[in-house]
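This report refers to the structure that appears directly beneath it.
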Protein chains: 2
Amino acid sequence: MNKSDIKNAGLKITLPRVKILTKLESSDKRHWSAEELYQELISDGEIISLATVYRVLTQFEHANIVLRHHFDNDSTQSVFELNNTEHHDHMVSIKTGKVVEFYDEDIEKRQKLVAKKYKFKIQDHSLVLYGEFEDE
Amino acid sequence: MNKSDIKNAGLKITLPRVKILTKLESSDKRHWSAEELYQELISDGEIISLATVYRVLTQFEHANIVLRHHFDNDSTQSVFELNNTEHHDHMVSIKTGKVVEFYDEDIEKRQKLVAKKYKFKIQDHSLVLYGEFEDE
DNA sequence: CTACGTGCAAACGGTTTGCAATTCC
DNA sequence: GGAATTGCAAACCGTTTGCACGTAG
């Protein structure tokens, strides 16, 4: 529920923050670069600066409201997604940039096993498959 | 064997290229940023420019002599590794930056299964575990 | 000899930041 | 009113590039 997330993060409820969070929550698109989000808001007629989009997304990241990914495939941009679903990994089309989320219990389990074997405490992980979908 | 790799890539055998490849082949360290490699060569007394290190590493990447990774954890730098071993994934310490390679047959298999399920043709994948080793 | 490679310094692109003006509570 | 936030433009940092000079074959 929108505004309380912002407040819970210890942040003031400002127009830019509400606009960004609302856009993330209301859009079908789940994966955004800062630039894309900025452009979308601008074309919605909102008045906001790219610097603020970056600042807010970084704050949201620290508050665990969004996740930041690096699909370093085509570009070096960060990609942000609302952190409102179960953990998942990603398949990224190198052709169209399309992103699909997936989850595989076995992969998760095996990762934990590997970590154990190496006496490694996993704090996070990133798994991205790059390729193409048959229908594109 | 060193020089023929360079030649096979359609590249002239120049001093900078030989120095870089030799360093990669002779060092225990397997994962290098361009800057680290540059500094190491400089402190070896070599004369080379950072731009050349970048150019050569990019050429080597295209020739499949090295692999480029993005352990986007601590920084946004590319990390390069000599492509002279079997495929593997990485565990990266968020504390020390230490990188350990691992391979898990099951994870590879499950990735292929997931891809099949989504009618996705995997061309590449990146799996990185971030955390800490017990002994650091 | 000449095509290819290099060093330098300047440009690049995504992101961050200092500062003065504005907004939230 | 005062602390937090914003917009702007400039800085930043890793990487790339144009160009004049150097070097491999």
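Every chain is numbered from 1 and lettered A, B, ... according to where its sequence line falls, protein lines coming before strand lines. All values reported here derive from a predicted model rather than from experimental measurement.
A salt bridge does not link A:Lys121 with B:Glu134: every distance from a Lys NZ or Arg NE/NH1/NH2 to an Asp or Glu carboxylate oxygen is 4.0 Å or more. A salt bridge is absent between A:Glu81 and A:Arg68; no separation between the charged side-chain nitrogens and carboxylate oxygens falls under 4.0 Å.
Rounded to whole angstrom, the span from the CG atom of B:Leu57 across to the C1' atom of D:dT15 amounts to 12 Å. Rounded to whole angstrom, the span from the CZ atom of A:Arg17 across to the C1' atom of D:dT5 amounts to 6 Å. Taking atom CD of residue B:Gln39 and atom P of nucleotide D:dG14, one finds them 12 Å apart after rounding to whole Å. Per the geometry, OH belonging to B:Tyr38 stands 15 Å off P belonging to C:dT6, to the nearest Å.
Here A:Ile47 lies in heavy-atom contact (under 4.0 Å) with sugar-phosphate atoms only.
Taking the six-membered ring for Trp and the full ring otherwise, the centers of A:His90 and A:Phe71 sit less than 6.0 Å from each other.
Side-chain contact, B:His87 with B:Glu108: a donor N or O sits under 3.5 Å from an acceptor N or O.
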Revision key, fill the gap. Whether each nucleotide of nucleotides 15-25 of chain C has a protein heavy atom under 4.0 Å at its base (B), only at its sugar-phosphate (S) or at neither (-) is summarised, 5' to 3', as SBBB-----BS
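Not a single salt bridge (charged side-chain N to carboxylate O under 4.0 Å, His left out) links A:Glu35 to another residue, sequence neighbours left out.
Hydrophobic cluster membership for A:Tyr103: none, as no Ile, Leu, Val, Met, Phe, Trp or Tyr side chain comes under 4.5 Å of it.
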